[in-house]
Amino acid sequence: MFLTVLTYIAIGLLAILAIFYLGLEVRFYRALGRVREGFADPEPLPKVSILIAARNESEGIRETLDSVLSQDYEGEWEVWVADDRSTDDTPKILAEYEAKFERLHVLTIDSIPEGVSPKKQALSKLIDACNGEILCLTDADCIVQPSWIKYLVKEFEPGIELVAGHSYIPTDSKSPFIICMQAVETLIYRIAGTAGLAMHLPLTSTGNNLAYRKSFFQSVNGFTGVIKIQSGDDDLLMQKLAADRPWAMRYCITPSTFVTTSGKETLKALWEQRKRWASKTIYYTPKIVFVLSMVFLFLTMLCITAVFSIFSFKIFVATLVAFLCKSVGDMVLIIRGLKIFKQEHLLKWCIPVEFIHAPFTVLAVLFGLFGRFKWK
């Protein structure tokens with residue numbers, strides 16, 4: 001009797017959570033249909049500051065600097081890089097570029113206060129030092145396109161304070177399995193972020209392609225209140241805006257603004273990154289925490305019932321139906337996202353990701369919230 005009751009409770013919970021998940025995907029799908037490119041044409045053009053926080057990035061920072069210094073923006077713009085206690089050749093490379101390019105400025109950070117997020121401190125110092133009205137952020141291992149600034153600025157229509165840009169992991173026929181899987185997973189996050197902003201439900205963004213008004217950053221007192229949280233220099237700032245003006249941000253889908261980033265080449269590095277990402281979600285607004293918690297509970301319940309399927313045929317059938325519904329919903333949503341972001345070649349990797357998405361996400365969240373993670 002007890003096992004029968006437990007079986008029906010498990011199936012009931014799985015059904016309720018699956019309905020919520022599929023309902024959210026329907027809303028995402030409809031929201032993606034409303035996404036458009038920006039058409040702001042300010043006169044005069046605003047001054048822009050490109051900000052990069054770098055720590056031990058000698059391996060790829062030359063390519064990053066070459067890309068950001070090749071902008072075709074017709075307004076005033078400058079580049080600021082924070083050298084955050086680097087112990088490799090990063091300072092030498094930055095000094096070389098600073099001597100060569102007048103618009104490049106280097107800010108050296110020798111120490112950080114105990115308990116303070118290194119990247120948030122670096123960005124705060126850069127924002128204090130720069131002169132731009134609009135701040136465009138990327139990472140020291142990313143590549144931006146020549147029209148990156150030009151088209152990000154077009155997103156700042158009246159009332160828009162923050163623009164989340166798109167970044168992706170490039171792949172080809174010779175890319176390792178782990179890179180291709182990350183490319184799909186990253187795209188899923190970007191699709192959710194795009195749809196969320198279109199619904200005025202800001203779920204996520206990325207610090208390697210992000211832009212906001214300096215006046216907005218100052219109006220919310222920057223990272224005050226979240227500066228001790230190691231991760232979240234992007235999402236947590238967005239959540240400050242979401243608290244009272246969720247309509248004041250948008251996602252940029254203009255291909256000229258897409259940024260390429262490198263995937264993690266080892267499972268250990270990937271695991272640490274995903275735990276770090278998960279660790280910040282409890283600091284989101286209550287509405288966002290509720291939505292993400294429901295998604296997490298569905299994925300958790302799916303994993304639990306999958307384990308108990310070996311003891312109950314009814315649970316097995318319920319789990320199979322829930323997994324198939326999730327997979328179909330995910331695929332429909334992803335296909336629309338692939339078209340928006342011009343990454344149709346990733347379609348073949350979407351099914352393999354479905355089989356690891358739930359357990360990997362659940363474990364990353366649990367270890368991110370209750371465990372420890374490493375930061376560079």
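Being a predicted model, the structure only gives us computed values, none of them experimental. Computed over heavy atoms, backbone and side chain alike; hydrogens, waters and symmetry mates excluded.
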How far apart are the C-alpha atoms of Trp148 and Phe258, what are their side-chain angles, what is the distance that settles it, and do they pass the ring pair (Phe, Tyr, Trp, His ring centres under 6.0 Å) test?
CA-CA 7 Å; Trp148 181 53; Phe258 295 174; over 10 Å; no
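- At a cut-off of 3.5 Å, with distance as the only test, no side-chain donor of Thr90 or Glu57 sits close to an acceptor on the other residue.
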Passes side-chain contact (heavy atoms from CB on, under 4.5 Å), Ile19 versus Ile16? Steps please.
CA-CA 5 Å; Ile19 290 171; Ile16 292 171; 5.8 Å; no
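- Using bins of under 30°, 30° to 60° and over 60° for the plane-to-plane angle, the ring pair Phe341/His166 lands in the parallel bin.
- Of the N and O atoms on the side chains of Tyr151 and Glu155, not one donor lies less than 3.5 Å from an acceptor on the other residue.
- Residues Ser58 and Asp88 have side chains that bring a donor and an acceptor to within less than 3.5 angstrom of each other.
- Between Ser256 and Ser147, the side chains place no donor N or O within less than 3.5 Å of an acceptor N or O (distance only, hydrogens not considered).
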Go through Glu161 and Arg245 one step at a time and tell me if the salt bridge (Lys or Arg N to Asp or Glu O under 4.0 Å) criterion holds.
CA-CA 9 Å; Glu161 301 283 358; Arg245 286 174 289 169; 3.4 Å; yes
What do the steps show when you test Lys326 against Glu354 for salt bridge (Lys or Arg N to Asp or Glu O under 4.0 Å), and what is the final call?
CA-CA 9 Å; Lys326 173 187 179 299; Glu354 280 296 326; 2.9 Å; yes
Evaluate ring pair (Phe, Tyr, Trp, His ring centres under 6.0 Å) for Trp247 paired with His200, printing each intermediate quantity in order.
CA-CA 5 Å; Trp247 59 85; His200 300 157; 7.1 Å; no
Distance-only check: which donor-acceptor pairs under 3.5 Å involve side-chain atoms of residues 35-48, not counting sequence neighbours?
{"residue": "Arg36", "atom": "NH1", "partner": "Glu157", "partner atom": "OE2", "Å": "2.9"}
{"residue": "Arg36", "atom": "NH2", "partner": "Glu157", "partner atom": "OE1", "Å": "3.0"}

Ring pair (Phe, Tyr, Trp, His ring centres under 6.0 Å) evaluation trace for Phe355 with Phe323:
CA-CA 9 Å; Phe355 288 93; Phe323 175 75; 5.2 Å; yes
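- A cation-pi arrangement is present between Arg336 and Tyr29, with the terminal nitrogen or guanidinium carbon under 6.0 Å from the aromatic centre and inside a 45° cone about the axis.
- Note that CG of Leu135 and CD1 of Ile50 are 11.0 Å apart. Values are rounded to the nearest 0.5 Å.
- Residues Ser167 and Arg190 bring a donor and an acceptor atom of their side chains to less than 3.5 Å of each other.
- The ring of Phe316 has its center no closer than 6.0 angstrom to the ring center of Phe311.
- Here the side chains of Thr260 and Tyr168 are in contact, with some heavy-atom distance below 4.5 Å.
- Between the side chains of Thr138 and Asn208, no donor N or O sits under 3.5 Å from an acceptor N or O.
- A side-chain donor-acceptor contact under 3.5 Å links Asp83 and Ser86.
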Tyr21 vs Asp330, side chain to side chain donor-acceptor pair (under 3.5 Å): CA-CA, chis, key distance, verdict
CA-CA 10 Å; Tyr21 183 88; Asp330 289 351; 2.9 Å; yes
Using the rule given for side-chain contact (heavy atoms from CB on, under 4.5 Å), can you reason through Ile188 versus Leu333, listing the C-alpha separation, both sets of side-chain angles and the distance that settles it, and then say yes or no?
CA-CA 9 Å; Ile188 292 172; Leu333 189 64; over 6 Å; no
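- Judged purely by distance below 3.5 Å, without hydrogens or angles, the side chains of Ser205 and Asp235 pair a donor atom with an acceptor atom.
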